[in-house]
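Indexing begins at 1, ligand by ligand and atom by atom, following the structure's order. All values below were derived from every heavy atom in this structure, side-chain atoms included, with hydrogens, water molecules and symmetry-related copies excluded.
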Amino acid sequence: MNIIDIIVKKKNKESLTKEEIDYVIEAYMSSSIEDYQMSSLLMAIVIKGMNEEETINLTKAMVNSGICLDISSIGNVVDKHSSGGVGDKTTLIVAPLVACCGVKVAKLSGRALGLTGGTIDKLESIPGFKVDLDYEDFVAQVKDINVAIMSQTDDIAKADKKIYALRDLSATVESIPLIASSIMSKKIASGAKNLVLDIKVGKGAFMKDLKSARELAYLMKKIGIYYDIRVICLLTNMDSPLGNNVGNSLEVMEAIDILANNKVNDLTILSLEIATYMVMLGLNISKKEASDLVLANFNNKNAYHKFLELVKYQHGNLNALPKSKYIYHLKARQSGFISDIDVVKVAIACKQLGSGRTSLNDKIDYSAGLILNKKNNDHVNVGDEIMTIHTNLSDISKIDFNVFKIQKERQKEKPLILEVI
Ligand code: URA
């Protein structure tokens with residue numbers, strides 16, 4: 001087999017066979033296919049697409065490139081995954097909440113890359129929090145307290161890790177078959193049998209419109225059926241950041257505020273919904289029963305205490321959360337209603353403050369980030385504080401914080417949860 005012939009085939013919009021896909025993944029992993037050849041093939045896939053069978057074969061090849069965790073001894077484990085958003089710290093709220101409803105949550109998470117955040121970075125902003133667990137300890141912890149969150153190890157879906165890094169550098173991330181196979185290969189290899197997927201739609205997401213988000217959802221459900229995994233997809237709005245805080249330790253603080261004080265914002269609503277579907281799958285109960293259970297455990301602070309238990313179990317010290325040296329307050333220059341918060345600008349500003357990374361080896365500043373004191377349709381008067389900037393940089397004059405649009409009239413709001421598939 002020859003990589004050039006395979007690239008030409010895809011360039012001509014022909015389907016690749018299972019043998020050709022297996023060859024590409026094996027040869028790329030053994031470095032007999034070069035990065036420039038692989039990125040050429042990836043670009044051909046972005047432009048010409050892949051059918052369902054090709055996507056399943058690609059997923060399979062990526063699953064087989066690494067180890068597969070057997071977590072069946074834990075019982076009916078439920079997992080969640082977000083396709084990537086700004087300010088998305090739902091896992092910090094949902095994992096303990098679902099766990100205290102009696103459902104086992106064994107969660108492997110990733111780090112931030114590009115404009116989206118990563119759960120592992122948020123947890124690592126808690127001094128001492130151990131994200132690198134042995135699989136035996138991980139399984140034992142889930143059996144003991146129903147929940148564990150660890151960093152995805154290098155031996156899971158190895159090909160996805162290598163290919164994702166290349167996609168990130170070759171403008172080939174935004175492809176439905178590539179995203180579906182990337183996400184699902186990791187979930188399959190990590191042993192998930194029930195999965196709630198939060199597919200972000202909008203300006204701050206890979207999927208810019210509902211049509212492509214639906215297509216991604218159906219494709220991931222098909223892969224789920226092939227692997228006997230029950231998958232529920234929530235299509236949710238990512239036109240503006242989720243919650244008020246963006247930046248690692250600031251996001252941990254917001255999750256604590258929601259769990260400890262029952263603060264309600266868009267993040268709370270989405271977290272309760274995701275938790276409900278996870279409990280439904282985990283306990284095989286109706287949505288109404290799951291929702292009642294989730295709400296009860298949220299309101300009575302069981303979820304907050306489970307979060308504290310989780311942090312303590314993984315050696316984190318919440319009293320030592322890092323704080324920035326400088327705090328700046330941004331005030332509204334006109335009055336009216338917030339009509340838009342530019343999610344991409346927020347993500348770029350946070351990254352420039354140091355809370356994100358461009359390459360996986362970059363060091364990040366856990367305390368840096370923004371607090372958006374106002375959200376869409378909140379009314380502001382001239383001089384109201386609309387944003388708080390947390391930074392260790394003495395000069396932030398080159399960073400664009402002009403993220404709020406203010407209009408005289410209230411705007412019609414898009415729903416947060418657009419569809420459930
Ligand atoms: N998240 C992933 O894990 N893979 C993608 O391709 C996109 C988002």
Just checking, is any N or O donor in the side chain of [X] or [Y] under 3.5 Å from an acceptor N or O on the other one?
X: Asp160; Y: Ser182; value: yes
X: Ser40; Y: Lys11; value: no
X: Thr55; Y: Lys222; value: no

Residues in contact with ligand 1, criterion: heavy atom under 4.0 Å: Ser83, Tyr164, Arg167, Ile179, Ser182, Ile183, Lys186, Phe206

Cation-pi geometry met for Lys186 and Tyr164 (6.0 Å, 45°): yes

Tyr28 six-ring centre to Lys162 NZ/CZ under 6.0 Å and within 45° of normal: yes

Pairs satisfying side chain to side chain donor-acceptor pair (under 3.5 Å), at least one member in residues 250-260, at least two apart: Lys89-Glu254, Lys122-Glu251, Glu254-Lys263, Glu254-Asn265, Asp257-Asn261

